[in-house]
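Worksheet: the structure to be examined is printed underneath.
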Amino acid sequence: MSEYNHKEIEPKWQENWQNQNIYQVKLDPNKPKYYVLDMFPYPSGAGLHVGHPLGYIASDIVSRYKRLKGFNVLHPMGFDSFGLPAEQYAIETGQHPAITTENNIATFKKQLNKIGFSFDWSREVRTSDPNYYKWTQWIFGQLFNAWYNQDSDKAESIDSLIARFEKEGNSNISAACDEDTPSFSSEEWNNFTEEQKAEMLLKYRLTHPSEAVVNWCPALGTVLANDEVKDGFSERGGHPVERKKMKQWMMRITAYADRLISNLDSLEWSESLKEMQRNWIGKSQGCELNFKVVDSDIELTAFTTRADTIFGVTYIVIAPEHELVTQLTTPEQKETIEAYVQTAVNRSERERMSEVKNVSGAFTGSYAINPFSGEKVPIWIADYVLAGYGTGVVMAVPSSDDRDFRFANYFGLPIIRVIEGTEELENPCEIKHGKMINSGFLNGMDSVAAIAAISAKAEEQGIGKVKVNYKIRDAVFSRQRYWGEPVPVYFKEGIPHLLENEELPLELPAVNEYKPTETGEPPLGRATDWKYQGQYPYELTTMPGWAGSSWYFLRYMDANNEEEFVSQEAVKYWNSVDLYIGGTEHATGHLLYSRFWNNFLFDMGLIHHKEPFQKLVNQGMIQGRSNFVYKVKNENKFVSLGLKDQYEVSTLHVDVNIVENDVLDIEAFKKWRPEYTEAEFVLEDDKYLCGYVVEKMSKSKYNVVNPDDMIAKYGADTLRMYEMFLGPLEHDKPWNTHGIDGVAKFLRKLWRLFHDNEGSLVVTENEPAKEALKVLHKTIKKVEEDIENLSFNTSVSAFMVCVNELASMKCNNQKVLKDLLVILSPYAPHISEELWSKLGQSGSVLDANFPAWDETYLKEDAHEYPISINGKMRVKMTFALDMSPKDIEAEVLANETVQKWLQGKTPKKVIVVPKRIVNVVI
RNA sequence: GCCGGGAUGGUGGAAUUGGUAGACACGCAAGACUUAAAAUCUUGUGCCCCUUGGGGCGUGCGGGUUCAAGUCCCGCUCCUGGUACCA
């Protein structure tokens with residue numbers, strides 16, 4: 001007897017598909033295109049675990065489905081192959097990271113292919129491949145040679161800026177540029193030396209070196225971007241991060257802040273993800289107000305979103321790092337201030353964050369004048385004011401800001417209430433908006449109107465201006481590491497020069513070690529004879545991990561083009577990604593940087609879609625489900641879960657691969673941990689039961705489940721369907737195999753339905769029964785709708801119901817099977833292809849047409865109505881669809897059960913909703 | 001603190017968007033086949049009362065709207081993701 005045997009079928013078809021290059025896709029203007037993309041993985045040494053393929057399976061189902069629907073589908077895969085782990089390994093072992101990476105990629109590909117994905121490997125990209133990073137460097141060059149024109153609201157070539165400088169100087173130019181850019185006339189510009197011109201242009205270029213306070217991670221020996229730092233620790237490795245001023249390459253992403261927010265509206269992304277990006281960019285509308293310092297020429301500018309509360313200002317606070325601190329400090333306060341600045345600077349970012357609720361500060365001795373009330377208010381310094389946001393100066397209003405309130409209370413500073421209703425409150429900050437009081441000419445005005453009034457008056461009197469602030473900072477683009485793209489720049493007289501296009505790629509040089517040099521230079525400083533034209537030093541930092549991943553979706557369109565980063569023909573045809581599936585952890589990193597680069601390339605006319613990812617779905621994380629055994633302390637004895645409370649035990653993680661449904665395989669355990677070969681096991685119900693907990697999948701918790709093992713045991717089709725069956729794609733869920741038998745059973749049942757005991761295909765060829773067609777078309781409709789809605793788990797259920805019903809009517813009809821295989825093939829391609837070929841169908845099931853469901857088979861001639869009495873379902877009755885509501889009502893009232901409930905009374909109302917329900921109200 | 005998402009049987013999850021709550025699957029129980037096991041099949045399975053027929057209660061908690069609420073509105077509780085002296 002021959003049963004369904006995945007071990008035979010799956011490798012056979014995988015090989016077959018590969019030999020026929022069946023997944024290779026070509027640009028075809030006669031077909032509509034569909035682009036399905038997965039976030040490409042970092043090829044770690046650990047290989048894939050069962051969590052990785054979740055999103056890939058979903059995207060593969062959509063790809064195969066769209067192909068059956070007649071689309072020309074682009075579904076590529078590649079590797080984000082620059083990164084820290086390979087480099088750390090290189091530091092430890094001396095092995096070149098390229099070798100590690102190559103090996104890991106081979107493992108990944110082997111694992112991926114076993115799952116039966118329809119990737120077009122001829123388009124594979126690897127960010128660490130010089131043929132790829134050549135173009136990453138080229139895009140860097142495009143950014144270097146561009147500036148952002150705020151009047152046209154787009155990036156333009158740097159040449160257009162130079163032309164304008166020559167003609168009119170810079171005073172009429174509205175551009176994204178450094179804060180400290182001086183203004184100059186055309187004459188002055190034309191008289192600048194070449195170096196001066198070059199220096200000046202750096203203030204405008206979209207990527208440029210700049211002295212900035214950065215996140216420095218001593219343990220990793222590199223700077224990190226804001227999104228790579230979590231709570232004062234590096235995201236990778238969890239090492240402490242310090243603030244440090246260093247010269248770095250920067251990307252002027254702030255120029256795009258507004259567009260990155262407004263474009264979000266047109267995207268089909270989850271609201272939470274859009275919100276994350278909005279918060280990260282952190283746009284806030286407000287105004288800057290100037291405060292004259294008493295007995296001084298100094299004017300302090302404070303940014304506020306609550307200009308209406310100006311009459312409530314009782315002091316000014318500036319950041320301890322603020323450049324005017326020394327000048328503002330009076331001789332009497334000098335000692336106090338210097339001591340405070342010292343402690344503030346010495347405190348790490350982490351300490352500062354953990355002491356958020358601790359109030360601290362010092363008085364400078366100086367006073368400032370409130371421009372509206374004319375009041376004299378003291379100037380303080382405090383580390384709750386951040387030098388990097390706004391102007392580093394805050395006008396403190398203790399009556400409407402919690403932090404100011406806390407500070408004022410602590411130091412005994414006055415509090416003026418300016419909102420009606422706060423007079424009696426102990427904490428006036430509880431009411432933030434309302435009618436203005438104690439506020440001069442604002443009295444009686446609503447706070448929202450008052451903001452506008454103050455802003456207008458400030459602008460009119462030249463004591464302030466309307467201003468928009470962003471939280472987002474320009475992105476640090478330098479990494480003091482080896483395993484990344486070299487920045488294609490050399491220095492001549494200290495001025496950075498870009499390499500010519502013909503000179504790209506600038507390949508990574510060989511180095512004897514992957515550590516920083518003794519003088520503290522990045523690893524590239526170890527390269528010998530690595531100079532441009534033998535004399536000019538190259539930039540020694542490399543690009544960050546997000547550089548290569550910020551445009552890879554474009555390269556897939558034309559992956560092997562040696563002339564351009566992507567051809568116009570390809571980019572016009574494939575356009576943007578229709579469906580992007582990946583994890584939410586990239587919300588404020590990759591997904592923001594990619595949008596930035598894509599917007600830039602759009603501005604430069606190099607691509608023709610504003611946004612890279614039209615629809616985005618975040619698949620949930622598959623967590624590990626760790627198992628525990630309980631060892632009795634000081635004894636070589638283990639007790640089962642239910643008995644552990646009777647002993648004093650220590651809890652040990654046990655490899656989940658030797659536990660099935662929480663029952664430990666004791667022999668396997670003894671083999672796994674030879675030191676316990678002699679151990680005694682106390683069982684319950686003849687079994688050793690393990691405890692469990694859901695936590696992150698990781699090697700150290702012995703809860704990693706490898707897809708290869710699952711495939712060996714159940715087959716790829718079962719794994720694919722089971723991962724979908726587990727629940728909605730977006731949900732986080734622990735991996736457990738409790739239900740996988742159900743899916744395996746389904747495939748066996750399908751197989752058996754169309755085979756005899758000897759394993760030969762047995763099908764009938766006559767017209768299928770109407771009942772069978774009804775089941776089939778119901779399933780076609782459901783599966784189509786489910787895939788369109790990315791609701792894969794309910795499709796799997798639909799297939800199960802379908803096969804169960806066909807089995808119960810013993811339908812082994814060929815025509816039914818044929819359509820069933822087509823709709824099943826996105827989920828379970830191997831078994832579908834096998835049966836398809838057994839049926840004698842020509843070609844691959846991949847190239848079949850997705851059958852259209854036929855309404856005539858789904859039409860009911862009668863509907864079974866639930867009959868409710870006062871909203872509670874009591875009985876069911878069937879009525880023809882063309883029956884009038886009046887007739888239905890009459891029959892319902894005549895029904896025996898309804899009569900019983902009516903007890904002779906006439907009902908108040910009878911509601912008949914066609915094809916829904918009949919409700920009798922008594 | 002602020003902004004998202006959520007809470008449905010023993011478990012994972014369904015529910016035509018206001019209309020039969022618990023599809024499908026796991027688990028469990030009973031039975032069939034078998035020397036036995038595996039596999040397969042059949043039946044039952046939200047909770048409670050009840051001899052049956054049947055009845056009552058049920059979607060985190062408390063109110064409300066409605067003929068009808070898991071679904072809508074108001075007020076809580078808990079879980080989860082993001083973010084945080086951003087003025």
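Only this structure's heavy atoms are used, side chains among them; waters, hydrogens and symmetry mates stay out. Below, chains carry the letters A, B, ... as their sequence lines are ordered, and counting in each starts from 1. Model, not experiment: these values are computed from the prediction.
The side chain of A:K909 places an N or O atom within less than 4.0 Å of a non-bridging phosphate oxygen (OP1 or OP2) of B:C67. Side-chain nitrogen and oxygen atoms of A:N804 include at least one within less than 4.0 Å of the OP1 or OP2 phosphate oxygen of B:A25.
Rounded to whole Å, the distance from CG on A:L386 to P on B:A84 is 11 Å.
Qualifying salt bridge (Lys or Arg N to Asp or Glu O under 4.0 Å) partners for A:D732, counting only residues two or more places apart in sequence or in other chains: none.
Contact annotation for A:R748: backbone-only contact, meaning every heavy-atom pair under 4.0 Å involves sugar-phosphate atoms and none involves a base. Here A:S797 lies in heavy-atom contact (under 4.0 Å) with a base. Residue contacts shown for A:N793 are limited to sugar-phosphate atoms, with no base heavy atom under 4.0 Å away. Residue-level contact check: A:K915 touches neither bases nor backbone, having no heavy atom under 4.0 Å from any strand.
Picking from B:G4, B:U20, B:A87 the nucleotide with the shortest atom distance to the side chain of A:S272 gives B:G4. Taking every side-chain heavy atom of A:M276 into account, B:G82 is the closest of B:G82, B:G54, B:C41.
Seen from the ring of A:W280, A:R595 does not count as a face-on cation partner, given the 6.0 Å and 45° thresholds.
Here B:U43 is in the anti range [glycosidic angle more than 90° from 0].
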